[in-house]
Amino acid sequence: MADLRDQTLGFRLRREWPAYIYLVPTTLVLLFLNAYPIAYTVYISLTNFGIGRNYFTYQYIGLTNYTYALTTGATTSLTLVENSFFWAGGCVALFLLVGLGLASVMNQDLRGKTIYRTVILLPWAFPAFITILVWANMWGYEYGIINAMLGTIGIHKVDWILGGADTAWVTLFVTNVWLSFPFYTVVFLATMQAIPKDLYEAASIDGAGTLSKFGRITLPYLMPTVVFVGLMGFLFTFNNFYPIYLITNGGPGIATQIFITESYSQAFGAVGSHPAYATAAVYSVLDFLIISALTMVVIWRTDLTRNWLK
Amino acid sequence: MTGIRLEHITKRFKTETAVDDVSVEIADGEFVVILGASGSGKSTLLRIIAGLEVQTDGHVYIGDMLVDDYEPRDRNIAMVFQSYALYPHLSAYDNIAFGLRVRRVPREDDPEKLRRRTREEIDQKVRAAAELLGITETLRKRPAELSGGQRQRVALARAIVRDPEAFLLDEPLSNLDAKIRSSARIELRRLHQQLKQTFVFVTHDQSEAMTLSDRLAVLNHGRLLQCDTPERILSHPANQYVASFVGSPEMVFLEGAVQATAGGSTFVHGPVRVPVRGAGKAGPVTLGVRPWDIHVQRTPAEGLLSARVTGIERLGSSDQLFLNILPGPTAAPGAGAGTGAAPAPVAVRALVRAYDFNVGDSVFVTADPDRALFFSADGTLLESMSLSSRLP
Amino acid sequence: MRTRRARRASRIAKRIASHAVLILACLFAVFPIYFIAVTSFSTIPIAGITASILVPKPSELTLSSYDFVLFHYYPSFVSLLTNSLIFAGSAAAIGLLLAAFTGYALSKFNFPGRRTFVYFILLISLFPSFLLILPLYFTFKDLGLIDTYLGLIIPYSAGAVVFSGILVKNYMDSIPDDIEEAALIDGLGRTEAFFRVLLPLCYPILGLAAFLAFIGPYTDYAMANVFITSNNLWTLALGLYHLNSTDTGVQPYGLVTAFAIVMSLPIVVAYMVFQRYIIGGLTLGSVRG
């Protein structure tokens with residue numbers, strides 16, 4: 001009913017005003033539960049508010065915290081930037097790889113397809129919070145089932161989580177792929193199944209083989225979905241909290257720390273020489289700035305919001 | 001039962017004018033078809049009558065009531081949509097009953113007060129409407145389980161069951177198979193005769209418009225070009241656009257000029273030179289002839305133009321011949337005078353009995369002088385001008 | 001030209017390879033779940049876990065962990081479940097209403113400021129929700145809402161609003177305008193048409209929106225941990241985290257995994273039953289583009 005072409009503001013207001021009524025509850029909720037706390041966070045990032053110290057007597061100290069984060073604390077900040085991008089980028093690359101691979105294998109006439117599909121969907125059906133807790137135990141050095149199984153084939157115990165940055169990242173990537181690959185597989189499979197069959201038939205007649213059919217039909221057809229799902233996955237993973245928080249907690253050191261987990265730890269964890277919650281707020285704001293900038297680029301480059309703004 | 005009056009209806013969007021100063025009066029019980037190509041503003045006009053769209057200027061009267069400020073539900077009209085717009089989550093029965101259930105009616109004891117219709121009242125009306133349209137068997141099914149034709153009937157039943165002031169139909173037959181479509185036309189016409197209510201029907205299909213309408217309103221670029229009976233529109237189209245849009249096969253147009261000659265005025269177009277009456281001063285005009293008003297024969301005769309058959313379109317009971325009129329011996333003397341070169345052949349079409357002619361045949365043609373029309377350079381019909389019955 | 005036999009052989013090889021890949025994927029997918037399941041029936045503590053736990057003797061299987069979790073845990077499982085259902089259920093109901101209104105306004109109205117509003121909610125939803133916990137905590141403390149039902153229901157209800165709102169909008173976009181218009185002609189006002197025609201047509205997506213609004217609070221640890229202090233308001237997620245973090249290695253690991261199984265069960269069943277809707281709903285925006 002939206003009369004998209006209609007002209008004057010007054011005319012639109014006269015017809016479309018009920019929309020505002022419908023948006024009042026959501027707007028109030030978002031203002032109170034999101035906008036206000038965000039503003040509060042920005043304000044706190046400009047103070048020396050600490051959890052243990054300056055609890056009730058904090059003051060406004062201008063951009064000092066930001067200056068600190070970009071000078072003295074630059075090494076940490078840079079590590080967080082690198083880790084956040086490595087985490088999100090690495091995960092999405094793996095999601096796409098595994099998802100596309102499995103989807104194209106499943107997109108043929110195979111016996112037991114439904115069973116495969118159901119089983120592959122299982123990890124997705126379990127609440128992530130719960131399975132991550134168990135994964136954390138499975139990666140354990142002394143008693144983890146993974147090391148126990150490696151032991152049976154003669155491989156020495158690996159200190160996955162604390163042994164080094166490389167193995168810590170492996171645990172995170174494997175766990176997160178486990179959590180997410182079902183969704184990606186099923187989405188890509190659904191998209192592949194929507195490709196008109198006659199395209200493949202026409203290609204067969206033109207003499208195309210399996211690979212060239214994939215490259216010339218499947219992939220171009222999938223591209224919009226791959227781009228959309230990939231970008232959304234990146235934005236989501238960039239701030240995906242539980243896997244890192246519950247498995248490595250950023251360790252060893254801050255080798256796997258990303259903005260959001262560092263911020264949470266600063267707010268609720270150890271208090272150093274610097275005001276912890278203010279630091280947490282600074283990281284929150286930096287995280288927010290980065291993710292907003294990325295989103296702007298995404299919107300600008302891919303017309304992502306076309307559906308939402310139509 | 002009520003008429004509808006539109007006064008200077010205009011609908012402007014940001015960049016275009018969809019409906020431009022349209023005034024029509026639709027009589028009570030009349031079947032009016034609004035005919036136009038896509039983008040002509042015909043659907044917008046219908047939606048303005050329904051109240052789904054608000055006009056920028058002008059007034060809509062239903063009966064004698066000015067309804068400009070009325071919501072669709074207060075206008076008490078029924079509408080059949082091109083997509084039928086059946087509620088997918090309701091059975092056919094519930095679709096038809098929906099309007100009856102949500103509307104209240106005056107109470108018998110106190111007409112000031114309103115009451116809901118009883119279940120029995122609703123059931124009776126739904127069944128009567130279903131009976132009328134022959135869909136009693138499908139009432140339990142959901143729209144997704146119905147065929148196109150059945151959906152269209154359910155949509156019609158949903159409209160008639162409410163006993164509205166008028167029916168608005170937005171291309172309701174365009175989603176039907178060609179076969180069902182023609183029987184649906186007949187049925188719709190029958191329904192109108194039975195209900196004796198006002199119908200406003202929008203279509204882009206001129207043959208649909210011709211068969212259905214009492215009166216036909218032709219719209220182009222938002223403007224009402226002509227509103228008249230189908231016969232009048234065929235015989236006296238207001239302008240060249242109407243002439244070409246209505247009537248199938250399409251009218252043959254020859255863009256030529258009137259020249260003053262010794263015996264009076266002559267219309268000249270290549271090898272075609274025909275005397276005319278009622279021409280004003282010399283200048284460019286267009287001659288329009290319906291293909292079925294062009295007569296074709298094998299034997300030459302005085303005043304006939306010689307032509308060759310270049311193509312045949314088989315239409316069933318008749319053939320449409322594609323003809324090239326040649327600069328030939330029977331053309332009026334002096335053909336091509338002044339230039340020295342022979343004029344190029346002129347392509348025309350003629351409707352003839354099937355299988356009388358073959359491609360390549362040499363034939364002789366003439367036009368029915370009373371039925372040929374002339375249009376001025378800007379396309380308007382030159383009423384006073386006609387072919388002279390005196391043959392050249 | 002390859003011979004027919006060679007072609008046949010390569011087809012079979014391809015099929016075998018495909019099955020091998022899928023079986024590997026299934027093993028990967030199912031392994032942690034199998035591990036959870038098998039330990040939940042055993043009494044071995046985490047310090048005693050060896051690879052042999054994966055092939056238990058039938059005689060070693062026991063329901064004692066389930067018995068403990070369901071009947072002997074403190075706070076009682078029933079209380080944890082009740083609280084989780086209250087929090088997540090209320091949040092889902094409120095979130096559903098908000099999503100339905102938002103989706104409707106964005107889909108079927110072209111009001112001035114529509115674009116700005118979409119950017120506003122998008123931007124707001126980008127801020128990592130975990131980082132809102134502390135400012136909210138201070139605010140709620142001032143309002144006296146800490147450690148109350150309302151104090152957690154309110155912040156939970158905003159959790160999925162933006163995402164679900166856009167889901168509903170996309171779905172409503174696919175409902176032709178003339179269905180709504182038919183209702184207007186049939187005698188409804190716009191508001192009634194929304195409630196009586198549009199909303200019933202949106203049941204599948206509303207179900208998904210409610211489910212998403214439910215699952216967040218149901219599995220939330222980060223916020224509940226800060227906002228809830230009394231045992232009698234504890235949720236399942238808090239209970240599980242507590243059970244896991246206080247595991248000193250001597251109690252049966254099955255306690256944690258039995259808890260995990262019981263807590264996951266309703267969600268898993270819902271996922272499996274509504275798989276089609278969930279995937280369809282989540283991919284609507286991407287596949288259609």
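Chain A is the first sequence line, chain B the second, and so forth, proteins listed ahead of strands; every chain is numbered from 1. All heavy atoms count here, side chains included; hydrogens, waters and symmetry mates do not.
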*Beyond-backbone contact of C:Lys14 with A:Gln108, side-chain heavy atoms, under 4.5 angstrom*: yes
*Check whether any side-chain heavy atom of C:Tyr253 lies under 4.5 Å from a side-chain heavy atom of A:Tyr143, and answer yes or no.*
no
*Centres of the C:Phe194 and A:Tyr22 rings: under 6.0 Å?*
yes
_Side chain, backbone, both or neither of C:Phe127 within contact of chain A (heavy atoms, under 4.5 Å)_ = both
*What part of C:Ile23 is in contact with chain A, defined as an atom under 4.5 angstrom from a non-hydrogen atom: side chain, backbone, both or neither?*
both
_Applying side-chain contact (heavy atoms from CB on, under 4.5 Å) to C:Phe31 and A:Trp178, what does each step give before you reach the verdict?_
CA-CA 10 Å; C:Phe31 175 70; A:Trp178 183 85; over 6 Å; no
_Heavy-atom contact with chain C under 4.5 Å, split by part of A:Asn34_ = both
*Do you know which of C:Thr219, C:Leu22, C:Val21 has the most heavy-atom pairs under 4.5 Å to chain A?*
C:Leu22
*Heavy-atom pairs under 4.5 Å with chain C are the metric here; pick the option from A:Ile260, A:Thr152, A:Ile145, A:Leu30 that has the most.*
A:Ile145
*asked:* Below 4.5 Å, heavy-atom pairs only: which of A:Pro18, A:Gly144, A:Ala19, A:Ser292 has the largest tally toward chain C?
replied: A:Ala19
*Heavy-atom pairs under 4.5 Å with chain A are the metric here; pick the option from C:Ile267, C:Leu265, C:Asp178 that has the most.*
C:Ile267
_A:Leu28 atom CG, over 12 foreign heavy atoms within 6.0 Å_ = yes
*Side chain, backbone, both or neither: which part of A:Phe259 has a heavy atom under 4.5 Å from chain C?*
neither
*Any side-chain heavy-atom pair of C:Tyr119 and A:Met296 under 4.5 Å*: no
*Who among A:Ile146, A:Val177, A:Leu133 has the most heavy-atom pairs with chain C under 4.5 Å?*
A:Leu133
_Per-residue contact mode, A:Tyr36 against chain C (heavy atom under 4.5 angstrom)_ = side chain
*What closest approach, in Å, do C:Ala25 and A:Phe181 show between heavy atoms, and which atom pair accounts for it?*
O-CZ, 4.1 Å
*Side-chain donor or acceptor of A:Glu16 paired with backbone N/O of C:Asn110 under 3.5 Å*: yes
*Between OG of C:Ser264 and CG of A:Leu122, what distance do you get to the nearest 0.5 Å?*
11.0 Å
_Has A:Trp135 got a side-chain atom pairing as donor or acceptor with C:Pro32's backbone, closer than 3.5 angstrom?_
no
*Could you tell me whether C:Tyr221 and A:Tyr242 have their ring centroids closer than 6.0 angstrom?*
no
*asked:* Any heavy-atom pair between the side chains of A:Tyr40 and C:Thr139 that's under 4.5 Å?
replied: yes
*Of all of C:Leu123, C:Val30, C:Ile215, which one pairs up most often with chain A through heavy atoms under 4.5 Å apart?*
C:Leu123
_So for C:Val269, is it side chain, backbone, both, or neither that comes closer than 4.5 Å to the heavy atoms of chain A?_
neither
_If the condition is side-chain contact (heavy atoms from CB on, under 4.5 Å), which residues does A:Asn107 pass it with, not counting sequence neighbours?_
A:Leu189, A:Met192, A:Gln193
_Taking the ring of C:Phe111 and the ring of A:Trp17, is the distance between their centroids below 6.0 Å?_
no
*Please look at C:Tyr104 and chain A and tell me whether the side chain, the backbone, both or neither of the residue comes under 4.5 angstrom of a heavy atom of that chain.*
side chain
Identify each donor-acceptor pair in which a side-chain atom of residues 125-132 of chain A lies under 3.5 Å from a protein atom, sequence neighbours left out, and give them as a table.
from: A:Thr131; atom 1: OG1; to: A:Pro127; atom 2: O; distance (Å): 3.3
from: A:Thr131; atom 1: OG1; to: A:Ala128; atom 2: O; distance (Å): 3.2

_Interchain contact, A:Thr185 with chain C, by part (heavy-atom threshold 4.5 Å)_ = neither
*asked:* Report which part of A:Leu246 has an atom under 4.5 Å of a heavy atom belonging to chain C: side chain, backbone, both, or neither.
replied: side chain
*Give the member of C:Ala17, C:Cys26, C:Ala260 that has the highest number of heavy-atom pairs under 4.5 Å with chain A.*
C:Cys26
*Given that the side chain runs from C-beta out, which part of A:Phe32 has a heavy atom under 4.5 Å from chain C: side chain, backbone, both or neither?*
both
*Pick one of side chain, backbone, both or neither for C:Tyr156, based on which atoms fall under 4.5 Å of a heavy atom in chain A.*
neither
_Point-to-point distance, once rounded to the nearest 0.5 Å, from CG of A:Leu23 to CZ of C:Arg114_ = 10.5 Å
*From A:Thr26 atom OG1 to C:Ile121 atom CD1, the distance as rounded to the nearest 0.5 Å*: 8.0 Å
*Could you walk me through whether C:Phe35 and A:Met149 pass the side-chain contact (heavy atoms from CB on, under 4.5 Å) check?*
CA-CA 12 Å; C:Phe35 175 71; A:Met149 283 174 62; over 6 Å; no
*Which portion of C:Ser129 sits near chain A, non-hydrogen atoms under 4.5 angstrom*: neither
*Nearest-0.5 Å distance that lies between atom NE2 in C:His19 and atom CG in A:Leu110*: 4.5 Å
*asked:* Applying the side-chain hydrogen bond (donor to acceptor under 3.5 Å, both in side chains) criterion to A:Asn137, which one of C:Asn244, C:Thr257, C:Thr39 satisfies it?
replied: C:Asn244
_Please identify, among C:Ile133, C:Val161, C:Ile154, the residue contributing the most non-hydrogen atom pairs under 4.5 Å to chain A._
C:Ile154
_Tell me if the CE atom of C:Met272 is crowded by more than 12 foreign heavy atoms within 6.0 Å._
yes
_Set out, in order, the CA-CA distance, both residues' side-chain angles and the distance that settles side-chain contact (heavy atoms from CB on, under 4.5 Å) for A:Thr295 and C:Leu122, then state yes or no._
CA-CA 9 Å; A:Thr295 310; C:Leu122 262 184; 5.6 Å; no
*Highest number of heavy-atom pairs under 4.5 Å with chain C: which of A:Leu33, A:Ile44, A:Thr41, A:Val119?*
A:Leu33
_Heavy-atom neighbours of A:Phe236 CZ exceed 12 at 6.0 Å_ = no
*Tell me, out of C:Phe120, C:Phe117, C:Tyr271, who's got the most heavy-atom pairs with chain A below 4.5 Å.*
C:Tyr271
*Looking at side-chain heavy atoms only, is the closest gap between C:Phe138 and A:Pro37 below 4.5 Å?*
no
_Residue among A:Ile38, A:Val29, A:Leu121 with most heavy-atom pairs under 4.5 Å to chain C_ = A:Ile38
_Closest heavy-atom pair and its distance - C:Ala222, A:Phe241_ = CB-CE2, 4.4 Å
*Measure A:Val98 against the heavy atoms of chain C and call it side chain, backbone, both or neither at under 4.5 Å.*
neither
